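First up is the structure itself, then whatever we jot down about it.
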Amino acid sequence: MHRDWVDTLSDFLLDDGTIFDKEKIFPYAYRHSFAQRHADAGVPIDVLAELMDHDSYETTRSYYRVKEVRLREAVERVTQLQFDRHGARIWGAVTSVLDAERARRAIGAVVVPFGTCSEPTNVAAGGGACPLRFRCVGCDHFSTDISYLPDLRTYLDDLLRQREKLRSMSEADDWARAEATPSDAEITRIRRLIQRVTDDVDTLTVAERAEIQKASQIVRQMRQNFLGMPRIQQPLPDLRVERPA
Ligand code: SF4
């Protein structure tokens, strides 16, 4: 019945003018279309996995792909708004930050929580050997772009929450609390970086801002779905025996 119905439909013209092969229209293909349309609309993979009743994100990933042209355009747009750790625009060094793990290695950078890292040891270790415990805003090897703005804001909120929580924690020694508390310097740097990126975006026209927002969403989706986001590592415990109790 499905086949008979498909055969009654008019031809579907593709972007290049060719006619879509109707043999490719069968019930199971609808699941792929469903996944692709949701992925294109920016639905996060955990929500999509739930909608498709998948236990594993890997299964969900196999149902759609980020369209190459769309992604490339988005990456190019987003990388036009790249910044160093101080929030100064980086011009002329537009490099694809997302194409693939292989490409990123080839250009000597890895994705870190809010941007990219070019520190050679960390790059060689695939991003898992940061000598500064991911205090990226204090490191010259760090750069970021507009698509990381939501991550920067979330991180700042986390730091502020953590600081408040630790201030009211009476069950810990002062030194332990002091070492676990996010530094004012880091909070100030992150805040300043967010402000500079935001100020820069504010100079764009409404249409440009809308385009950047859309491109950022595509790039973030790609990053999340295909690369996974590195997390901030917890500081290693300090086991010096001379430490007072
Ligand atoms: S602090 Fe960030 S940018 Fe610097 S080496 Fe570590 S991961 Fe790379």
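Computed from a predicted model, the values in this text were never measured in an experiment. Counting convention: from 1, in listed order, for ligands and their atoms alike.
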of all protein heavy atoms, closest to atom 6 (Fe) of ligand 1 is Cys130 SG, 2.2 Å
Ligand-residue contact atoms, ligand 1 with Asn122, heavy atoms, under 4.0 Å: 7 (S), 8 (Fe)
Shortest non-hydrogen separation from Tyr63 to His32 and the atoms involved: O-ND1, 3.3 Å
Which heavy atom of the protein is the closest neighbour of atom 2 (Fe) of ligand 1, given with residue, atom name and distance? Cys136 SG, 2.4 Å
Can you list the atoms of ligand 1 that are under 4.0 Å from a heavy atom of Val112? 7 (S)
What's the shortest distance from atom 5 (S) of ligand 1 to any protein heavy atom, and which residue and atom give it? Glu119 CB, 3.5 Å
Any non-hydrogen side-chain atom of Phe34 less than 4.5 Å from a side-chain atom of Leu51? yes
One finds that the ligand 1 atoms under 4.0 Å from a non-hydrogen atom of Phe142 are 3 (S)
Flag the pair Arg167 and Glu164 as a salt bridge only when some basic side-chain nitrogen lies within less than 4.0 angstrom of an acidic carboxylate oxygen. yes
Note: Asp174-Arg177 ion pair, threshold 4.0 Å (strictly below): yes
Can you tell me how the ring of Phe142 sits relative to the ring of Phe114, calling it parallel under 30°, perpendicular over 60° and tilted otherwise? perpendicular
Indicate if the distance from atom 8 (Fe) of ligand 1 to the nearest N, O or S atom of Cys117 falls below 2.8 Å. yes
Quick one, Gln162 and Thr181 - any side-chain contact, counting heavy atoms below 4.5 Å? no
Quick one: nearest non-hydrogen protein atom to atom 4 (Fe) of ligand 1, plus distance? Cys139 SG, 2.3 Å
